[in-house]
Amino acid sequence: MKRINHKSLLALTLAAAPWSLQAQQASRNNTDTTFKTQSLSIYSTYKPEVAPAPKPEFVPSLPVIDTVKPKFAYTVPQQTLSYSYKAEPIKPLAMKQQKETLPFENYIKLGIGNLNTYLIDAGVGGIYGDEYDLNFHFNHLSQKGKPLYQQWSQNTLTAGGSYYFPKHTLDLQLNADRRAYRQYGYDTAVYHYEEDRVKQVYTGVDLQAALTPVSPGFWNIKYQPTVSLYLLNNSMGAKERSLGLALPFSKAIDSTVSIGLGVNANLTQYDAGNGVKGNSYLQLTPAIDLGFSRTKIHIGVKPTWAKDNEVYLLPDLTAETVLAKNKGLKLMAGWTSNLEQNTYKSLSTYNPYMLYQYTPVQGTSNKVSAGFDAALNSHVQIGGTVGYKWWKNLAMFANNYTDSTDGRQFDVRYFDASAVNIEARLRYQIHSKFSVWGSSVWNIYNVKGQDKAWHMPQVSISGGLNWNAFPKFNLGAGATLYDRMFANNPDGTYKKLPMIVDINAMASYDVIPRLTLFIQADNILNQKYQLWNQYPVYGINILGGIRFKF
């Protein structure tokens, strides 16, 4: 127990004070009565209690985000490594040249057809060792039609191979061919010739050698020197010799820019029995290539020193860019030009009925064009080009009615010409099972001093399809159309040659993996059209045979 506090006791004392004062006065006044002094003690019981603690109220909330990046300081002591031996440099192991072994590397193809058609085609490709490989190909095709002397034959042998040095690869290729024609384009009721007089045989040998480095050389410069040599003889006594050299060099400055410089030289001589005629040139090819993520630009020029002290500055400018990579839309533009030697080899291959006594005259060709290629979807691709072309000394062929009134041989004539060129192309592809393609070319010629561009079609349309109908069977077809071709008449006028429509088809079936049967038909419409004036082609030609792999 605990006594009451002082404040309570003081209150009680003040309240009782008058009563005590009166009693003292009474005792003084009444001496005969005496009261015993009393004291009052007041006690109170105290029970301690603890006040109830307040109940907290919890409110959910996210912690405060600390946006201050921590900074860490590291101190890396310098490391010093020492070895008690000298490490050997790491070198790749010497690897020998390896060639994938094909199931059948050799084949022979034999065919026979109407028009006395005979075909022999063979290839051997399984000759190789650790440091070399070789391949051979032989082809013979001959035909004979009903008109007198309408026959031709061709024999071609190609041998190629590579030899692998430690740092370079030497590629060699040898081509030998013999082409025999008869000049049957004359009126046999008026003119009569022995076969030896109208027979024209071309025999040629072509050798090419190229040296390719395995890796870039000094200063990472890429190079590939190439040497070419060919000899061509004519049964009439004409011959042509040519030696060519190409030295291209290029170096990448960085991932975007690369520069190049090349030297092209050619020494050609032609002799038709009336003196040797030179046909040589020297050419430089400096260029800069720029490659970006979607754009490629080639800036070049070809200074050329030609025969007769002619000097040409031939532009070589091309650019292409991909606008929509996922759609495959690509734009192209350029200005390209070339020197045209007009060699006997190139001209006689194009027109084997040309007069061998001709004079080679060099010229130039230029083309400025712009176009596009686009993939409409995963199956369809389209493209087109619009351009302008012009030539100096463009070689054309016209019937020669001066040396002989029969006109069976063609003169080579040179003219300055120009043309507006429009090209279009389309391809539809479904995997490897089915494909259809087509292209067309329109040329609007303007020849200086001539009415028309002789034997040059203004309209050319071609197309075809290939269909793997079912396993082991393949079917193909093609068509070619030429129109607006003109030829000269003996009286100096000209005429339009009939439109040419040539349709062909082929089919093949694999009897076993080694053996295939084939059949093909050309000129199915049996047209006697003329690519060269007075020379009707063969009619329908059907050829069939087998191909054996081993």
Side-chain angles (χ1 to χ4, degrees), residues 145-147 150 152 181 183-191 342 347-355 358 363 365 367 386-391 393-424 438-463 478-504 522-541:
K146 293 182 179 180
Q150 188 191 43
W152 75 284
Y181 301 86
Q183 299 171 353
Y184 63 92
Y186 61 93
D187 188 351
T188 56
V190 178
Y191 304 95
N342 294 321
L347 296 179
S348 64
T349 302
Y350 183 58
N351 184 355
Y353 309 110
M354 65 173 288
L355 186 66
Y358 91 109
S365 62
K367 182 178 181 180
V386 176
Y388 181 75
K389 301 187 293 185
W390 68 95
W391 298 266
N393 296 329
L394 173 63
M396 295 184 185
F397 295 94
N399 295 87
N400 183 333
Y401 297 106
T402 302
D403 296 337
S404 176
T405 55
D406 58 14
R408 73 179 191 275
Q409 299 186 88
F410 290 84
D411 277 334
V412 180
R413 301 179 183 180
Y414 304 95
F415 304 101
D416 293 343
S418 62
V420 176
N421 173 255
I422 303 174
E423 300 181 13
S439 64
S440 60
V441 179
W442 290 271
N443 288 299
I444 304 174
Y445 291 102
N446 180 18
V447 183
K448 185 177 180 180
Q450 298 294 308
D451 296 322
K452 299 293 180 180
W454 310 122
H455 293 93
M456 300 183 68
Q458 295 187 15
V459 179
S460 174
I461 302 175
S462 61
T480 302
L481 183 149
Y482 292 130
D483 197 12
R484 297 197 60 78
M485 295 177 59
F486 298 90
N488 61 312
N489 291 319
D491 59 359
T493 60
Y494 66 88
K495 64 180 178 181
K496 178 184 177 299
L497 297 177
M499 182 176 64
I500 297 173
V501 179
D502 192 321
I503 300 176
N504 60 79
D522 296 308
N523 195 7
I524 295 177
L525 300 180
N526 197 28
Q527 277 196 330
K528 300 298 178 64
Y529 59 82
Q530 300 178 28
L531 283 172
W532 302 108
N533 185 35
Q534 301 185 184
Y535 282 85
V537 300
Y538 301 101
I540 184 172
N541 180 13

Engineer: Are N421 and V386 side-chain neighbours, meaning at least one heavy-atom pair lies under 4.5 Å?
Structural biologist: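 The answer is no, as the side chains (C-beta and beyond) never meet within the 4.5 Å cut-off.
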
Engineer: Where is the tightest heavy-atom contact between N523 and V501, given as atom of each residue plus distance?
Structural biologist: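 Looks like OD1-O, 4.5 Å.
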
Engineer: Does Y181 form a side chain to side chain contact (heavy atoms under 4.5 Å, CB included) with Y535? I'd like the steps, not just the answer.
Structural biologist: CA-CA 12 Å; Y181 301 86; Y535 282 85; over 6 Å; no

Engineer: Look up atom CE in M485 and atom CG in N533, then write down how far apart they are to the nearest 0.5 Å.
Structural biologist: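 One finds 9.5 Å between CE of M485 and CG of N533.
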
Engineer: Mind checking what makes ring pair (Phe, Tyr, Trp, His ring centres under 6.0 Å) contact with Y494, not counting sequence neighbours?
Structural biologist: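 Once residues adjacent in sequence are excluded, the partners of Y494 under the ring pair (Phe, Tyr, Trp, His ring centres under 6.0 Å) criterion are F486.
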
Engineer: Check S418 against Y388 and note the closest heavy-atom contact, atom names and distance.
Structural biologist: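 Closest pair (atom of S418, atom of Y388, distance): CB-OH, 3.2 Å.
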
Engineer: Hey, are Y191 and T405 close enough side-chain-wise for a donor-acceptor pair under 3.5 Å?
Structural biologist: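 Present: a donor and an acceptor within the cut-off.
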
Engineer: What do you reckon, is NZ of K528 surrounded by more than 12 foreign heavy atoms closer than 6.0 Å?
Structural biologist: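 Counting neighbours around NZ of K528, 12 or fewer heavy atoms of other residues, nucleotides or ligands fall under 6.0 Å, so no.
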
Engineer: Can you see whether S462 engages T480 through a side-chain donor-acceptor pair at a distance of less than 3.5 angstrom?
Structural biologist: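 T480 and S462 do not have a side-chain donor-acceptor pair below 3.5 Å.
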
Engineer: How about R484 and K452: do any of their side-chain heavy atoms sit closer than 4.5 Å?
Structural biologist: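 Yes, close enough: below the 4.5 Å cut-off.
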
Engineer: Please tell me if the side chains of Y353 and Y184 come closer than 4.5 Å, counting only heavy atoms from C-beta onward.
Structural biologist: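 With C-beta onward as the side chain, the pair touches.
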
Engineer: Please list, chain by chain and in numerical order, all residues satisfying side chain to side chain contact (heavy atoms under 4.5 Å, CB included) with V412, sequence neighbours excluded.
Structural biologist: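 Listed in chain order: L347, M354, Y358, A395, F397, Y414.
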
Engineer: My understanding is that only residues two or more places apart in sequence, or in another chain, count here; which of them pass ring pair (Phe, Tyr, Trp, His ring centres under 6.0 Å) with Y186?
Structural biologist: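 For Y186 the ring pair (Phe, Tyr, Trp, His ring centres under 6.0 Å) partners, ignoring immediate neighbours, are Y193.
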
Engineer: So do D403 and L355 actually touch side chain to side chain, heavy atoms under 4.5 Å?
Structural biologist: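 Yes. Closest side-chain heavy atoms under 4.5 Å.
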
Engineer: Main chain of T402, side chain of N400: is a donor-acceptor contact present, judged purely on distance under 3.5 Å?
Structural biologist: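 Side chain of N400 to backbone of T402: a pair is present.
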
Engineer: Within the distance-only criterion (no hydrogens, no angle test), does the side chain of N488 pair as donor or acceptor with the backbone N or O of N399 below 3.5 angstrom?
Structural biologist: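 Yes, N488 side chain to N399 backbone: donor-acceptor pair under 3.5 Å.
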
Engineer: Which pair of heavy atoms, one from P457 and one from Y445, lies closest together, and at what distance?
Structural biologist: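 Closest pair (atom of P457, atom of Y445, distance): O-CE1, 3.8 Å.
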
Engineer: So which atom in G145 and which in Y538 form the shortest heavy-atom distance, rounded to 0.1 Å?
Structural biologist: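 Here G145 and Y538 meet closest at N-CE2, 3.4 Å.
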
Engineer: By side chain to side chain contact (heavy atoms under 4.5 Å, CB included), which residues pair with I422, not counting sequence neighbours?
Structural biologist: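 W442.
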
Engineer: Can you tell me how far CH2 of W391 sits from OG of S365, rounded to the nearest 0.5 angstrom?
Structural biologist: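 One gets 8.0 Å once the value is rounded to the nearest 0.5 Å.
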
Engineer: With no hydrogens and no angle check, is any side-chain donor or acceptor of D411 less than 3.5 Å from a backbone partner on R413?
Structural biologist: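 Side chain of D411 to backbone of R413: no pair is present.
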
Engineer: Less than 4.5 Å apart, side chain to side chain, heavy atoms only: is that true for P536 and Y529?
Structural biologist: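 No. Closest side-chain heavy atoms not under 4.5 Å.
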
Engineer: Between D522 and N504, is any side-chain donor less than 3.5 angstrom from a side-chain acceptor?
Structural biologist: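 There is no such pair (donor and acceptor under 3.5 Å, judged by atom type) between the side chains of D522 and N504.
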
Engineer: Mind listing the closest non-hydrogen atom pair of I540 and I524 along with its distance?
Structural biologist: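 For I540 and I524, the tightest heavy-atom pair comes out as CD1-O, 4.0 Å.
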
Engineer: Going by side-chain hydrogen bond (donor to acceptor under 3.5 Å, both in side chains), name the residues that satisfy it together with Q534, two or more places apart in sequence or in a different chain.
Structural biologist: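 Q534 satisfies side-chain hydrogen bond (donor to acceptor under 3.5 Å, both in side chains) with Y401 once adjacent residues are dropped.
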
Engineer: Measure from the side-chain N and O atoms of D416 to the backbone N and O of N393, and report whether any donor-acceptor pair falls under 3.5 Å.
Structural biologist: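 Pair found, side chain donor or acceptor close to backbone of N393.
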
Engineer: Under the side chain to side chain contact (heavy atoms under 4.5 Å, CB included) rule, collect the residues that match up with Q450, sequence neighbours excluded.
Structural biologist: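 Counting only residues at least two positions away or on another chain, Q450 forms a side chain to side chain contact (heavy atoms under 4.5 Å, CB included) with F415, V447, W454.
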
Engineer: Where is the tightest heavy-atom contact between L481 and M499, given as atom of each residue plus distance?
Structural biologist: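 Where L481 meets M499 most closely, the heavy atoms are CD1-SD, 4.0 Å.
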
Engineer: Would you call K389 and V420 a side-chain contact if the rule is heavy atoms closer than 4.5 Å?
Structural biologist: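 Side chain of K389 against side chain of V420, heavy atoms only: no contact under 4.5 Å found.
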
Engineer: Between E423 and K367, is there a side-chain N and carboxylate O pair less than 4.0 Å apart?
Structural biologist: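 Salt bridge flag = yes for K367 with E423.
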
Engineer: In the structure I gave you, are the side-chain heavy atoms of H455 and N351 within less than 4.5 Å of one another anywhere?
Structural biologist: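 Sidechains of N351 and H455: no contact.
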
